[in-house]
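Notes to accompany the following structure.
Each ligand, and each atom within it, is numbered from 1 in the order the structure gives. Computed from a prediction, not measured in an experiment: that's the story for all the values here.
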Amino acid sequence: MNKPALEIPVLDIPVHPETMDGRDPSLLRGDRVSGDRYYSREFMQKEWDHMWTKIWHVAGRLVDLQEPGDFVVHDFMNQSVMCVKQEDGSIRAFYNVCQHRALRLVDQSSSVNEFHCPYHGWVWGLDGALKSVHDPENFSQGNPCGKLTLKELRCDTWGGFVWYSFSDDSPGLMEYLHPMPEVYKNYPMDTAVRIFARKIRLNTNWKFASVNFSESYHTRTAHPQVPPWIDQDYWSARSEIWPNGHGRTVQPMRPSLRDRLPEGEPHPFDDILRQWDIDPDSYASFEEKAIKGWMDLKEAKRRLWKERGYVHYEHMNDEELTDSPHTVFFPNVTISFLPDNLIFFRTEPDPKDPTKCTFDLWCMAFPVEGQKEAHGIMTRDFYPVVECEEETVDFDGGRGVPEIIDAIVWQDMMLAEAQQNGWESMGFDDYYLADQEARVRYFHETLNDYLEGRKGGPAA
Ligand code: FES
Ligand SMILES: [Fe+2]
């Protein structure tokens, strides 16, 4: 089917001045994407040397760092980092390693008054200073207290997350994220509550997710449940990229016109309309319901948000009220910004094996007055709107995470494990991409920019 002749309203949404068209292949160099990027240990080492040690990592959620002494531990490759709430309210990041004889200080996120090393009992303050040791007079080179501190890393916050970097001189967090904090200034991100969280061990390279989340060309095939409520036609969406490698697809949350459900089958969009007092039967045709209903929904939300307690709508624009900007923060964090939810997806490499990774799936919901439960969106069920702990599980061919079976992200994971083998095939040379997949190559080109020293260098 070609583009419909129907007139579709275009929203007057300001676009950030540095935005480039993510569907324009002429913006690409055309770097070849060979399969070894997905399985070679040499490539994995290059990623560590030139990319992972330069970028910013999400250590955890700000909500877990309320009181002095609260800390989150983040293990990445062979490193372990802890971000610690200080007495003055700031947050500092330290390598999770005792400066005496290298014992790991803490195993998991928790809260302490000071860090006691379990080996010889050295005591470290929240600020990383060494406070006491046994037999301080027995060090002929001098008492280590007042001398030694835990080794510190750069730490900053954005979006309700605490971030750190292994690099002392690469660009700061705001420069690295630019212009995402501006693009998403209307979302009160730090109010979102994490209602479902799993760290899932997958048999695939970490990059599958960043690439997969950079295009919607696969969705009609892989996720047949999506087109009835999020328009999957590429001509309806905006695909955007920015110089730092971040990119997003903004799709209207309305039925795709070419994915009409069989007559008589309940339509998910009808429920969305009814939720805002719009009668789905008041439209003369399916097309009118999809397009006019989508505009009516914006109007209804704008009129009713306050009395219904949707306080997170206060600053949202007409696009954000109903639509779905799905955003890849280079290299490995994706956030789906939905009107009532944030879904955080993050893959991280296995420390030893490039054909394995972990996938963090955090389903978050904006609290709505009077709503005790919210749908996880990537889950089958509803969950209480209270902060939850993250559990680590094996994907186990799809059986290990029963809560997400048949959900969008589960379908992606099934495909990712199946694709891993294909990367090693001698029958594969390079991608052959549709224009709407241009961001796929843009991702790899940004990665090459890091590996070849064009990005990640000292801040200007
Ligand atoms: S290794 Fe920590 S006190 Fe010895
Ligand atoms: Fe997908």
Side-chain angles (χ1 to χ4, degrees), residues 80 82 94-107 112 114-125 128-136 138-139 141 143-145 147-151 200 202 204 206-234 237 239 247-251 253 256 259 324-328 332-336 338 343-347 359 361 363 377-379 395 398 401 404-420 433-434 436-437 439-440 443:
S80 181
M82 52 190 198
F94 304 100
Y95 285 94
N96 178 14
V97 62
C98 183
Q99 300 295 299
H100 177 222
R101 279 174 44 203
L103 205 78
R104 185 181 162 114
L105 282 171
V106 284
D107 280 333
V112 291
E114 49 199 12
F115 294 98
H116 290 249
C117 181
Y119 198 173
H120 311 88
W122 283 22
V123 178
W124 301 90
L130 182 58
K131 290 173 79 172
S132 67
V133 301
H134 293 302
D135 308 332
N138 189 232
F139 292 84
Q141 70 275 47
N143 183 344
C145 298
K147 233 176 164 181
L148 297 189
T149 59
L150 295 177
K151 189 153 182 236
I200 302 163
L202 281 173
T204 185
W206 69 273
K207 289 187 284 299
F208 97 86
S210 314
V211 165
N212 176 70
F213 292 140
S214 292
E215 51 91 1
S216 295
Y217 187 52
H218 73 280
T219 52
R220 191 165 264 119
T221 316
H223 314 302
Q225 73 273 39
V226 173
W229 66 288
I230 305 181
D231 191 337
Q232 294 304 309
D233 289 327
Y234 69 86
S239 180
R248 68 173 185 166
T249 310
V250 187
Q251 295 173 313
M253 284 175 72
S256 319
D259 295 280
S324 156
H326 188 67
T327 308
V328 177
N332 64 331
V333 168
T334 296
I335 301 178
S336 239
L338 300 170
I343 315 292
F344 174 97
F345 312 87
R346 188 252 309 266
T347 50
F359 189 117
L361 171 63
C363 301
I377 307 292
M378 289 297 143
T379 63
F395 187 56
V401 209
I404 64 168
I405 286 178
D406 290 338
I408 301 169
V409 71
W410 183 87
Q411 293 163 331
D412 286 328
M413 290 174 183
M414 293 294 281
L415 288 164
E417 290 202 340
Q419 189 185 27
Q420 184 61 36
L433 299 174
Q436 60 187 290
E437 296 174 284
R439 282 175 53 207
V440 164
F443 167 81

Shortest protein heavy-atom distance from atom 1 (S) of ligand 1, along with the residue and atom involved: Arg101 N, 3.3 Å

Residue and atom name of the nearest protein heavy atom (relative to atom 4 (Fe) of ligand 1), distance in Å to one decimal: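 Sorting protein heavy atoms by distance from atom 4 (Fe) of ligand 1 puts His120 ND1, 2.0 Å first.
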
Cys117 N/O/S atom closer than 2.8 Å to atom 2 (Fe) of ligand 1: yes

Residue His100, metal atom 2 (Fe) of ligand 1, N/O/S under 2.8 Å: no

Trp122: numbered ligand 1 atoms lying under 4.0 Å from its heavy atoms: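 Listed by number with element: 3 (S).
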
His326-Thr249 side chain donor-acceptor pair, cut-off 3.5 Å: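 No donor-acceptor contact under 3.5 Å links the two side chains.
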
Side-chain donor-acceptor contact under 3.5 Å, Gln232 with Gln251: yes

Arg439 and Glu215 ion-paired at < 4.0 Å: no

Trp122 and His134, any side-chain heavy atoms less than 4.5 Å apart: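 Answer no - side chains too far apart.
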
Name of the Asp412 atom (N/O/S only) found closest to the Fe ion (ligand 2):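 Closest to the Fe ion (ligand 2) among those atoms: OD1.
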
Given Phe213, Phe208, Trp206, the one that forms ring-ring contact (aromatic ring centres under 6.0 Å, His included) with Phe345: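 So the option named by the test is Phe213.
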
